[in-house]
Amino acid sequence: MSRPDKDMYYLKIAEAVGARSPCLRRKFGAIMVVNDAIVSTGYNGPARGSVNCEETGCLKDMANAPAYAAYDLCPAVHAEENTVINAARNGVSVYGGTLYIVGKYPDGRLAPSYPCDRCKRVLINSGVKQVVTIDEKGNVIKFNVDDWIDYDKRTYIEKIEKFKKDGKL
């Protein structure tokens with residue numbers, strides 16, 4: 001039996017956290033690690049006390065909405081957001097931390113686990129420095145959160161220019 005490296009160790013814990021998700025499409029789990037200690041966890045799910053898709057069905061499925069889009073049709077708070085929120089609820093800083101995130105389809109296959117633009121902004125503003133995930137083939141991928149600042153600026157300006165040109169988003 002070989003001992004997993006730290007990234008796989010934390011990714012497996014994030015995967016276990018995701019098992020709590022009530023999402024019918026994909027279950028995401030995340031953990032926040034600061035100074036080599038887990039300080040918070042989160043999974044994708046509705047606001048506390050609200051309804052979830054296991055209870056009601058999935059509006060995104062009913063509307064045949066594509067994955068990683070139509071967020072306004074989904075009651076879920078993303079795993080990344082919940083991890084930062086849960087830390088804040090307990091007075092724990094995530095500044096300088098690393099977020100580990102894993103997503104899985106209902107059939108158990110790994111799902112792409114790249115933070116959406118909204119979650120990237122949450123991670124930038126909270127001071128998280130790195131995101132570690134795993135792709136569908138099991139390869140570990142690391143992101144430097146500071147790189148997302150330029151991406152956010154660039155894509156927003158591109159959208160403005162496109163709107164000025166075409167008159168639509």
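Computed from a predicted structure; not experimentally measured.
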Hey, does the side chain of [X] reach the backbone of [Y] with a donor-acceptor pair shorter than 3.5 angstrom?
{"X": "Thr56", "Y": "Glu54", "result": "no"}
{"X": "Ser126", "Y": "Leu123", "result": "yes"}
{"X": "Asn52", "Y": "Pro46", "result": "no"}
{"X": "Thr133", "Y": "Ile101", "result": "yes"}

Does any non-hydrogen side-chain atom of [Y] lie less than 4.5 Å from one of [X]?
{"X": "Met8", "Y": "Lys12", "value": "yes"}
{"X": "Ile31", "Y": "Thr83", "value": "no"}
{"X": "Cys23", "Y": "Cys53", "value": "no"}
{"X": "Tyr100", "Y": "Val131", "value": "no"}
{"X": "Met32", "Y": "Val128", "value": "yes"}
{"X": "Asn82", "Y": "His78", "value": "no"}
{"X": "Ile38", "Y": "Ile13", "value": "yes"}

Shared ILVMFWY cluster between [X] and [Y], side chains joined below 4.5 angstrom?
{"X": "Val102", "Y": "Tyr9", "answer": "yes"}
{"X": "Val77", "Y": "Val94", "answer": "no"}
{"X": "Ile124", "Y": "Val84", "answer": "yes"}
{"X": "Ile149", "Y": "Leu99", "answer": "yes"}

_Electrostatic pair Arg118-Glu80, nearest N-O below 4.0 angstrom_ = no

*May I ask you to decide whether Asp150 forms a salt bridge with Arg154, counting only side-chain N to carboxylate O separations under 4.0 Å?*
no

*asked:* Using the side chain to side chain contact (heavy atoms under 4.5 Å, CB included) criterion, which residues pair with Ile160? Sequence neighbours excluded.
replied: Tyr156, Lys164

*With sequence neighbours excluded, residues passing side chain to side chain contact (heavy atoms under 4.5 Å, CB included) with Lys137*: Asp135, Asn139

*Given side-chain contact (heavy atoms from CB on, under 4.5 Å), test Lys129 with Asp146 step by step and report yes or no.*
CA-CA 7 Å; Lys129 290 299 173 197; Asp146 286 341; 3.8 Å; yes

*Aromatic rings Trp148 and Phe143: how do their planes relate, parallel, tilted or perpendicular, breaks at 30° and 60°?*
tilted

*What pairs meet the salt bridge (charged side-chain N to carboxylate O under 4.0 Å, His left out) rule with one or both residues in residues 82-107, with sequence neighbours excluded?*
Glu15-Lys104, Asp107-Arg109

*Cation over ring, Lys168 on Phe163, under 6.0 Å and within 45°?*
no

Could you grab the distance from atom [atom1] of [X] to atom [atom2] of [Y], nearest 0.5 Å is fine?
{"X": "Thr98", "Y": "Lys142", "atom1": "OG1", "atom2": "NZ", "answer": "8.5 Å"}
{"X": "Lys120", "Y": "Asn125", "atom1": "NZ", "atom2": "CG", "answer": "14.5 Å"}
{"X": "Tyr105", "Y": "Leu24", "atom1": "OH", "atom2": "CG", "answer": "15.0 Å"}
{"X": "Ser40", "Y": "Asn90", "atom1": "OG", "atom2": "CG", "answer": "7.5 Å"}

*Taking all non-hydrogen atoms of both residues into account, name the closest pair between Glu55 and Ser50 and its distance.*
OE1-O, 4.3 Å

*Yes or no on side-chain contact (heavy atoms from CB on, under 4.5 Å) for Arg121 and Asp117, after CA distance, side-chain angles and deciding distance?*
CA-CA 6 Å; Arg121 292 180 190 120; Asp117 289 349; 4.2 Å; yes

*Does Asn44 have any side-chain hydrogen bond (donor to acceptor under 3.5 Å, both in side chains) partners at least two apart in sequence or in another chain, and if so, which?*
Ser21

*Consider only side-chain N and O atoms of Asp36 and Tyr10, and report whether a donor and an acceptor are under 3.5 Å apart.*
yes

_Qualifying ring-ring contact (aromatic ring centres under 6.0 Å, His included) pairs, either residue in residues 11-56, two or more places apart_ = none

Distance-only donor-acceptor pairs under 3.5 Å for side chains of residues 61-73, two or more places apart:
from, atom 1, to, atom 2, distance (Å)
Asp61, OD1, Arg25, NE, 2.7
Asp61, OD1, Arg25, NH2, 3.2
Tyr68, OH, Arg26, NE, 3.4
Tyr68, OH, Pro112, O, 2.6

_side-chain contact (heavy atoms from CB on, under 4.5 Å) evaluation trace for Ile141 with Val132_ = CA-CA 6 Å; Ile141 301 170; Val132 179; over 6 Å; no

*Atom CG of Asn35: over 12 foreign heavy atoms under 6.0 Å*: no

